[in-house]
Structures are given as structure tokens and as C-alpha cells.
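For reference, the structure discussed in these notes is given below.
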Amino acid sequence: MRWAVGISYDGQGYDGWQSQPSGRTVQDQLEAALSRFADQPVSTVCAGRTDAGVHGLMQVAHFDTVLQREPFSWVRGTNTFLPPDIAVQWAQAVPESFHARASAVGRRYAYVLLEAPVRPSVDAGRVGWVFRPLDQHRMQDAAGRLLGTHDFTSFRASACQARSPVKTVRGIGIRRRGAYWRFDFEADAFLHHMIRNIMGCLVAVGQGLQAPAWMDDVLAARDRDAAAPTFSPDGLYFLGPVYEERWGLPARTAAYDWLP
């Protein structure tokens, strides 16, 4: 039987999602907890791997098992064996044709940025930080130049394993609440470090260091050196994959209400 689960996590204490020899990854922790609950080895496949320090509000993974349990049992039982900064939010039986990564038709991220003269404290590790003022109109102008289907090589990490740098960005939203900025990104898929590299460019434009039209030049260059330095992972949240309605999976978790 195939199950899909939605997981939320604080990425500060982990070396990203994907399993590593250190064992300090979200996947390692989840598989260990699932295996203890099921009393048999369980391996998972996720919708989108996240880097060290990046948080997840609704990562989705699937796994196969012969164990028969109710959905609430998978949630509560697995959470018993998980550390407090990782929690399964829901579990649902799915057809064997469902694949957490391949069935996703899109992916969503948010970046939360603090604009203040003093660095974060109570929200350290959970928000990015700038101390120079940002201009929303300039950033929106620059962000709009990235919409559509493009070659995003300039925003791609050297270690990226994606087969193609061509992606379709469907939306970039920018809004402010008090001292906090929220940037929302949706695309069919993202390259390694793509959002953090875009954030570095948007901040440079917002602070007046570059003109909005500079984003056109960066995109056209197809050269990582043309873009700004990679921005901090602290404020980046994986909101989750987008699936067709036929799968009947949740589109959000309660953690969504925590972000500004």
C-alpha cells in the first residue's frame, strides 16, 4: 500500500532534506521514525529536496508498506518518534500511480525577510535580514521580468543536478507587513539555489544598487557570475508541491498561518 504524508520542519538543525551519512537530515529522521512505528524498514521519496537551513511547511513524501493502519495512526505514531522540530501533519492512502515528485505539477516557496537596523533575535534562523531600506515597486518591476519560461542558468548553483535550466515561473508576489517582507514564488520546478539567487538580485534592486532592468541582463547572460551572491537560507520556506485535484491531497497545513 502506498501512503503520502505531509511534513513540516524547522531546517535550522539539519543538513537539508536528503539522506546523508551524518544522519542529520530531515529524511533520515523521518525514515527512522516511520521504521520504528512500522517495525520494518521504510524508505521515502519527497516532492522537493531542501537545503541545509531551509524550512518546510508542507513537504510531501510517499512510501510503500504492507502495514495496515488508519491515517491518524500514521500521524500520531510517527510523531512519537520524531524530534520536536519535525512533525507529520497528515497521512493519506494514495494509488500506486502517485509519485510525490513526478506527480507534482508545480512547487511553491516563500521567503520571509526582516528589514531592520538590528539583526533578528527571537526569529533568528527563521527570517533573512537586511538593514538598508527596500523599495517594493523596484523589486516588483524586477520580479516581473522573470515570469514565464526562461533559461535560469544565471540563478543555478554549480552543483545543480537538474537536466535542464529551463523552468516556468508562474508567479512572484511581494508584500510587506510592518518590518517583514514576504516573497512568494511558484513555478513548475526550481533549480538548486534558484530562489536564493533570485532573492540576492531582488534585494540588490530593492536597495538601489541595481536598476530593475538589470534583471533582464542577468537572465540573458546565462552565467552565474552575472547575478548577485546567493542569499541566506534562513528565511526560505518550502510551502509544498502542487498536485492535481484528482489525488485529493491537502493543499496547506496549519503552519501556513504562522508566516506573515
Side-chain angles (χ1 to χ4, degrees), residues 1-11 13-52 54-109 159-164 186-192 237-256:
M1 192 173 193
R2 179 159 293 184
W3 286 87
V5 290
I7 312 107
S8 61
Y9 50 89
D10 182 332
Y14 301 98
D15 300 327
W17 166 269
Q18 189 173 16
S19 181
Q20 296 183 26
S22 68
R24 287 299 301 172
T25 73
V26 180
Q27 184 179 19
D28 288 321
Q29 299 294 313
L30 176 65
E31 291 183 350
L34 285 168
S35 298
R36 290 183 66 183
F37 174 68
D39 197 27
Q40 58 187 249
V42 175
S43 60
T44 62
V45 176
C46 76
R49 293 174 295 188
T50 53
D51 293 332
V54 177
H55 317 292
L57 297 191
M58 197 181 74
Q59 174 70 270
V60 175
H62 79 255
F63 61 91
D64 296 322
T65 180
V66 296
L67 186 66
Q68 299 291 327
R69 290 290 186 273
E70 293 297 321
F72 72 88
S73 294
W74 280 109
V75 174
R76 296 177 183 176
T78 305
N79 284 342
T80 300
F81 301 109
L82 282 170
D85 50 4
I86 303 175
V88 174
Q89 299 294 317
W90 53 262
Q92 186 169 315
V94 291
E96 290 187 5
S97 57
F98 173 81
H99 190 283
R101 181 174 62 253
S103 297
V105 296
R107 289 161 180 80
R108 301 164 296 166
Y109 283 84
C160 182
Q161 298 177 358
R163 294 181 180 179
S164 171
E186 182 171 341
D188 58 346
F190 291 93
L191 302 168
H192 190 197
Y237 294 80
F238 183 38
L239 300 183
V242 179
Y243 295 113
E244 295 176 347
E245 291 184 3
R246 64 190 177 98
W247 300 115
L249 297 177
R252 71 193 311 275
T253 66
Y256 275 55

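Below, all heavy atoms of this structure are taken into account, side chains as well, without hydrogens, waters or symmetry copies. The structure presented is a predicted model; accordingly, all values stated were derived computationally and were not measured.
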*Side chains of Gln20 and Thr25: is there a donor and an acceptor less than 3.5 Å apart?*
no
_When you measure from the side chain of Asn79 to the backbone of Ala87, do you find a donor-acceptor pair of N or O atoms at a distance under 3.5 Å?_
no
_If we check side chain to side chain contact (heavy atoms under 4.5 Å, CB included) with Val242, which of these qualifies: Leu249, Asp188, Val105?_
Val105
*asked:* Is there a side-chain contact between Phe190 and Cys160 in this structure, where contact means two heavy atoms from C-beta onward sitting under 4.5 Å apart?
replied: no
*Can any side-chain N or O of Gln59 pair as donor or acceptor with the backbone N or O of Gly48 at less than 3.5 Å?*
yes
*Is the number of heavy atoms from other residues, nucleotides or ligands within 6.0 Å of CZ (Arg252) greater than 12?*
yes
*Specify whether Tyr237 and His55 have parallel, tilted or perpendicular ring planes, treating 30° as the upper limit for parallel and 60° as the lower limit for perpendicular.*
tilted
*If you look at every heavy atom in Ala47 and Tyr243, which pair is closest and at what distance?*
CB-OH, 3.7 Å
*Shortest non-hydrogen separation from Val42 to Ala38 and the atoms involved*: CG2-CB, 4.0 Å
_For the aromatic rings, using the six-membered ring if either is Trp, is the centroid distance between Tyr14 and Tyr9 under 6.0 Å?_
no
_Taking CZ in Arg2 as the centre, count heavy atoms belonging to other residues, nucleotides or ligands within less than 6.0 Å. Is the count above 12?_
yes
*Answer yes or no: is there a donor N or O on one side and an acceptor on the other, between the side chain of Glu31 and the main chain of Thr44, under 3.5 Å?*
yes
_Heavy-atom donor-acceptor pair, Thr253 side chain to Leu57 backbone, under 3.5 Å_ = yes
_Does the plane of the ring in His62 sit parallel, tilted or perpendicular to the ring in Phe98? Use 30° and 60° as the thresholds._
perpendicular
